[in-house]
Amino acid sequence: MAATIKDVARRAHVSIASVSRTLNNSGVVTPGVRERVLRAARGLRYTPPCRGAQPDQPPHHTIGLLLPDIHGEYFSELIRGVDRAARARGLHLLVSSTHGNNAEAAEALRSMNGRVDGLLVMSPYVGGGLSGTRCRADCRRSS
């Protein structure tokens, strides 16, 4: 299960507001509190909620594309087609590969979380434990 802002606050022994101010770089936070919060966030591998959970934030106009590999003509043409479709709609494309590794897929999803407005996933792991438990529950998925 993904770490929450409450988990970070609990581990850093600070309030949720202090975690929020630290992570958003807003408001006054002492250097000691900032260090504890950042250490706790790193230790918990905390990532902010996806854009779908933050309707008050402006969109990135970026979609993520997670593929099992990016080598070869098939994946090259797939990326090209998705990029063309995205550009026609005023969107940018962020591409990552799992290299056939479930742990890599989970890490790629974590790194895209909060940075993209939508996500396309082509992976043999989606039905086998990668979806749901590895994605934030507040991200909207479509099948």
Side-chain angles (χ1 to χ4, degrees), residues 1-12 14-29 31 33-143:
M1 184 119 145
T4 67
I5 195 168
K6 290 180 183 179
D7 298 325
V8 175
R10 198 173 303 119
R11 181 173 281 190
V14 298
S15 69
I16 294 170
S18 291
V19 174
S20 179
R21 283 192 301 269
T22 299
L23 298 178
N24 291 314
N25 232 4
S26 64
V28 179
V29 179
V33 168
R34 179 175 303 284
E35 177 57 35
R36 286 197 331 256
V37 168
L38 294 176
R39 190 176 326 120
R42 276 191 305 271
L44 292 168
R45 301 181 79 174
Y46 173 78
T47 55
C50 71
R51 306 302 298 177
Q54 301 172 13
D56 59 325
Q57 297 291 320
H60 291 289
H61 301 290
T62 303
I63 58 172
L65 177 61
L66 182 60
L67 300 171
D69 200 344
I70 54 175
H71 177 68
E73 187 176 339
Y74 175 78
F75 291 111
S76 175
E77 288 299 314
L78 183 65
I79 293 168
R80 185 171 185 224
V82 172
D83 186 55
R84 278 188 171 174
R87 295 293 173 123
R89 290 159 179 81
L91 301 171
H92 297 280
L93 185 63
L94 181 62
V95 179
S96 189
S97 172
T98 67
H99 303 287
N101 183 310
N102 195 15
E104 288 281 333
E107 187 61 35
L109 288 175
R110 275 192 292 276
S111 71
M112 287 187 189
N113 193 7
R115 294 173 177 83
V116 297
D117 301 311
L119 184 64
L120 300 170
V121 178
M122 181 184 198
S123 172
Y125 305 110
V126 171
L130 185 60
S131 69
T133 57
R134 303 259 162 126
C135 296
R136 299 239 359 156
D138 53 7
C139 290
R140 292 181 223 150
R141 295 186 315 253
S142 61
S143 304

- Decide side chain to side chain contact (heavy atoms under 4.5 Å, CB included) for Ile63 and Val116; before the verdict, give the C-alpha distance in whole Å, the side-chain angles of both, and the deciding distance to 0.1 Å. CA-CA 5 Å; Ile63 58 172; Val116 297; 5.6 Å; no
Any side-chain heavy atom of [X] sitting closer than 4.5 Å to one from [Y]?
X	Y	answer
Leu67	Leu120	no
Val19	Tyr46	no
Thr22	Leu38	yes

- His60 backbone acceptor or donor facing Asp117 side chain under 3.5 Å: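 Confirmed, Asp117 side chain pairs with His60 backbone.
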Result block: side-chain N/O donor-acceptor pairs under 3.5 angstrom for residues 71-86, not counting sequence neighbours:
none

- Query: Picking from Leu66, Leu109, Leu65, what satisfies side-chain contact (heavy atoms from CB on, under 4.5 Å) with Ser96?
  - Reply: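 Only one option passes, and that is Leu66.
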- Message: Please enumerate all residues that pass side chain to side chain contact (heavy atoms under 4.5 Å, CB included) together with Ser111, with sequence neighbours excluded.
- Response: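 Ser111 satisfies side chain to side chain contact (heavy atoms under 4.5 Å, CB included) with no other residue.
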- Message: Tell me every residue that passes side chain to side chain contact (heavy atoms under 4.5 Å, CB included) with Ser18, counting only those two or more places apart in sequence or in another chain.
- Response: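 Partners of Ser18 under the side chain to side chain contact (heavy atoms under 4.5 Å, CB included) test: Val14, Ser15, Arg21, Val33.
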- For the atom pair OG (Ser97) and CD1 (Ile70), what is the distance rounded to the nearest 0.5 Å?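 So the gap between those two atoms works out to 5.5 Å.
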- Non-neighbouring partners of Arg34 that pass side chain to side chain donor-acceptor pair (under 3.5 Å), sequence neighbours left out: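 Partners of Arg34 under the side chain to side chain donor-acceptor pair (under 3.5 Å) test: Asn25.
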- Item | Residues which pass side chain to side chain donor-acceptor pair (under 3.5 Å) with Arg10, listed by chain and number, not counting sequence neighbours |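 With neighbours one apart ignored, the set is Asp7.
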- Message: My understanding is that only residues two or more places apart in sequence, or in another chain, count here; which of them pass salt bridge (charged side-chain N to carboxylate O under 4.0 Å, His left out) with Arg42?
- Response: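 Testing Arg42 for salt bridge (charged side-chain N to carboxylate O under 4.0 Å, His left out), a comparison that skips the adjacent residues, returns Glu35.
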- Message: Run the side chain to side chain contact (heavy atoms under 4.5 Å, CB included) test on Arg36 and Arg11 for me, step by step, so that the C-alpha distance in whole Å, both residues' side-chain angles and the decisive distance to 0.1 Å come before the verdict.
- Response: CA-CA 9 Å; Arg36 286 197 331 256; Arg11 181 173 281 190; over 6 Å; no
- Query: Do Lys6 and Ile16 pass the side chain to side chain contact (heavy atoms under 4.5 Å, CB included) test, and can you show the C-alpha distance, the side-chain angles, and the key distance before you say yes or no?
  - Reply: CA-CA 6 Å; Lys6 290 180 183 179; Ile16 294 170; 3.5 Å; yes
